[in-house]
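Here the structure comes first, spelled out in structure tokens, and everything after it is commentary.
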Amino acid sequence: MADTATSSSSSGGGQDRGPRRDSRSGGAREGGGGRKFFRRKKVCKFCVEKIDSINYKDVRLLSGFVAERGKIVPRRLTGVCTPHQRRLSEAIKQARNIALLPFAARF
Amino acid sequence: MQQRTYEVMFIVRPDLVDEEIDKLVSTMESHATNAGAVVKNIEKMGKRRLAYLVRRFSDGFYILLTLEADGKAIHEVERRLRVSEPVIKFLTVRIDEEQKRLDKIKQLRSTKVKRSTAEPAPAPTPEAVAPAATA
């Protein structure tokens with residue numbers, strides 16, 4: 001089952017390479033049909049809400065994309081698009097340097 | 001040298017009194033202006049909890065300077081910050097490119113809105129003409 005899922009998703013990605021979101025939505029739909037649970041289609045928060053600036057001072061925004069231990073959450077989990085993830089990680093790293101966000105949360 | 005916009009954020013140790021912080025900020029401002037920078041804005045962001053220990057302090061006063069300066073002036077300001085004892089951490093970020101990008105996006109958005117509002121007005125006219133032509 002896993003094999004069929006991966007093969008179909010890869011073929012889908014090959015068909016519509018141009019519009020990036022199309023290939024992703026295709027993957028999500030296929031995941032909903034193939035398995036019991038329905039996975040919600042992930043969209044880039046910054047594209048949808050039209051957040052232009054990802055600033056290192058905006059701790060409340062950035063902390064949503066940082067895991068419990070202080071790690072940057074990968075794109076595949078948050079659904080952020082590549083250009084925004086690049087800016088986001090830059091901002092998180094700047095915020096870490098000025099002690100607004102932790103490098104590693106202590107336990 | 002080219003003038004650029006920078007943001008210098010620095011953290012002052014928490015055991016200072018307000019007056020001392022004000023004094024430090026004003027001296028930093030004078031240092032910056034002496035180095036050839038134009039201080040555009042000073043923002044005291046208040047006392048905040050640090051995400052990790054810095055020189056055994058768990059919180060500090062955040063101060064944000066917005067400067068219009070060249071590289072040399074920024075270098076001088078950074079040196080002053082490094083030397084001054086109550087400053088426990090600082091970060092300089094260049095913001096003019098980002099600002100340029102944001103302005104561009106803003107402009108693009110405004111033109112798009114204009115186009116979308118302008119389009120519906122001429123659109124109905126061909127429809128109005130078409131039935132007349134068939135009839």
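Everything quoted here is computed from the prediction, not taken from an experiment. Chain naming here is simple, since letters A, B, ... match the order of the sequence lines and numbering starts at 1 in each.
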By a 4.5 Å heavy-atom criterion (distance strictly below it), what part of [X] contacts chain B: side chain, backbone, both, or neither?
X: K50(A); result: both
X: R96(A); result: backbone
X: L101(A); result: backbone
X: Y56(A); result: side chain

Does this structure show an ion pair linking K93(A) with E90(A), if we count only N-O contacts that are shorter than 4.0 Å?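 E90(A) and K93(A): not salt-bridged.
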Any salt bridge between R109(B) and D52(A), counting N to O under 4.0 Å?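 So R109(B) pairs with D52(A) through a salt bridge.
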What part of [X] gets within 4.5 angstrom of chain A, counting heavy atoms only: side chain, backbone, both, or neither?
X: I105(B); value: side chain
X: L64(B); value: side chain
X: L50(B); value: both
X: F90(B); value: backbone

Is the distance from the ring center of Y52(B) to that of F57(B) below 6.0 Å?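 No; F57(B) has its ring centre 6.0 Å or more from that of Y52(B).
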As a quick check of understanding, evaluate ring pair (Phe, Tyr, Trp, His ring centres under 6.0 Å) for F46(A) and F65(A), giving each step before the final call. CA-CA 12 Å; F46(A) 300 100; F65(A) 295 89; 5.3 Å; yes
Is there a donor-acceptor pair under 3.5 Å between the side chain of R13(B) and the backbone N or O of P86(B)?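 Not at all, since once roles are kept as given, no pair shorter than 3.5 Å links the two residues.
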Ignoring hydrogens and geometry, is there a side-chain-to-backbone donor-acceptor pair from N55(A) to D58(A) under 3.5 Å?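 Not confirmed, N55(A) side chain does not pair with D58(A) backbone.
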